[in-house]
A.B. asks: 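Shown below is the structure under consideration.
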Amino acid sequence: MVTDFNCGMNTMMVKDSRNRVYKTGHKIDYTPKLVKFNEDLLPPSKVDQVMCGKQHYVVLDKDNNLHTVGNIFKEKAENTHDGFSVYDGDQLFDGNKIKQLSMEYEIYGALVQDA
């Protein structure tokens, strides 16, 4: 059962009831493809939100980390897995907790709560 999904112009991500994440939208992913995250970096129980933009995918985990595909941040990623770069949301947003992400075309935003 689908519990969360988000569509960009050319992309889509879906989270199911078992917190598995699927992506689709580019030539190589016309059929939804299960993303096989490194479970040490992102176990299914930690998946919080999924978001996509024109050519970008983002998964926010419950530890305030962002797992991204595409050039969203100028900072160097802390880690990578299955094509996703991992960024520490605490460092990116001065210790504030990410409550909601927004991606439209090439415009990105985050609603954060003061720490």
A.B. asks: Taking C-beta and beyond as the side chain, do M13 and V21 meet within less than 4.5 Å on heavy atoms?
C.D. replies: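 M13 reaches V21 side chain to side chain.
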
A.B. asks: Is the shortest side-chain heavy-atom distance between L66 and L92 below 4.5 Å?
C.D. replies: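 In contact.
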
A.B. asks: If we ignore hydrogens and angles and just use 3.5 Å, is the side chain of N64 paired with the main-chain N or O of G95 as donor and acceptor?
C.D. replies: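 A pair under 3.5 Å: no.
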
A.B. asks: Check whether any side-chain heavy atom of T68 sits under 4.5 Å from a side-chain heavy atom of F84, and report yes or no.
C.D. replies: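 No, every pair of side-chain atoms sits at 4.5 Å or beyond.
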
A.B. asks: Quick check: closest heavy atoms across P44 and N19, and the distance to 0.1 Å?
C.D. replies: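 Closest approach of P44 to N19: O-CB, 2.9 Å.
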
A.B. asks: What is the distance from atom CG of N79 to atom CG of D88, rounded to the nearest 0.5 Å?
C.D. replies: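 That separation rounds to 11.5 Å.
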
A.B. asks: The test is side chain to side chain contact (heavy atoms under 4.5 Å, CB included); show your working for Q113 and N96 and say whether it passes.
C.D. replies: CA-CA 6 Å; Q113 180 179 13; N96 296 313; over 6 Å; no

A.B. asks: Can you give each donor-acceptor pair under 3.5 Å made by side-chain atoms of residues 34-42, sequence neighbours left out, with the distance rounded to 0.1 Å?
C.D. replies:
from : atom 1 : to  : atom 2 : distance (Å)
N38  : OD1    : D40 : N      : 2.8

A.B. asks: Grouping I, L, V, M, F, W and Y whenever their side-chain heavy atoms are under 4.5 Å apart, do V59 and V69 come out in a common cluster?
C.D. replies: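 Yes.
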
A.B. asks: Can you confirm whether K99 sits close enough to V112 that some side-chain heavy atom of one is under 4.5 Å from a side-chain heavy atom of the other?
C.D. replies: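 The answer is no; the side chains never approach within 4.5 Å.
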
A.B. asks: So does N65 get a backbone contact from the side chain of E78, meaning a donor-acceptor N/O pair under 3.5 Å?
C.D. replies: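 It does not hold such a pair.
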
A.B. asks: Enter the distance from M51:CE to H56:NE2 here, rounded to the nearest 0.5 Å.
C.D. replies: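 Taking CE in M51 and NE2 in H56, the distance rounds to 14.0 Å.
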
A.B. asks: Which pair of non-hydrogen atoms, one from A110 and one from I98, has the smallest distance, and what is that distance?
C.D. replies: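 Closest approach of A110 to I98, heavy atoms only: CB-CG2, 4.4 Å.
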
A.B. asks: Provide the closest heavy-atom pair for S45 versus K62 in the form atom of the first, atom of the second, distance.
C.D. replies: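 The answer is O-NZ, 3.4 Å.
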
A.B. asks: Check the side chains of Y57 and H67 for a donor-acceptor pair under 3.5 angstrom, ignoring hydrogens and angles.
C.D. replies: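 Distance-only check fails for H67 and Y57.
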
A.B. asks: Can L60 be reached from Y108 by stepping across I, L, V, M, F, W or Y side chains whose heavy atoms are under 4.5 Å apart?
C.D. replies: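 Per the 4.5 Å side-chain linkage, Y108 and L60 are co-clustered.
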
A.B. asks: With a 4.5 Å heavy-atom cut-off, do V58 and L101 have their side chains touching?
C.D. replies: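 Yes, close enough: below the 4.5 Å cut-off.
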
A.B. asks: State, yes or no, whether a side-chain contact exists between D61 and D48 at a heavy-atom distance under 4.5 Å.
C.D. replies: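 A side-chain contact is absent here, since even the closest heavy-atom pair is not under 4.5 Å.
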
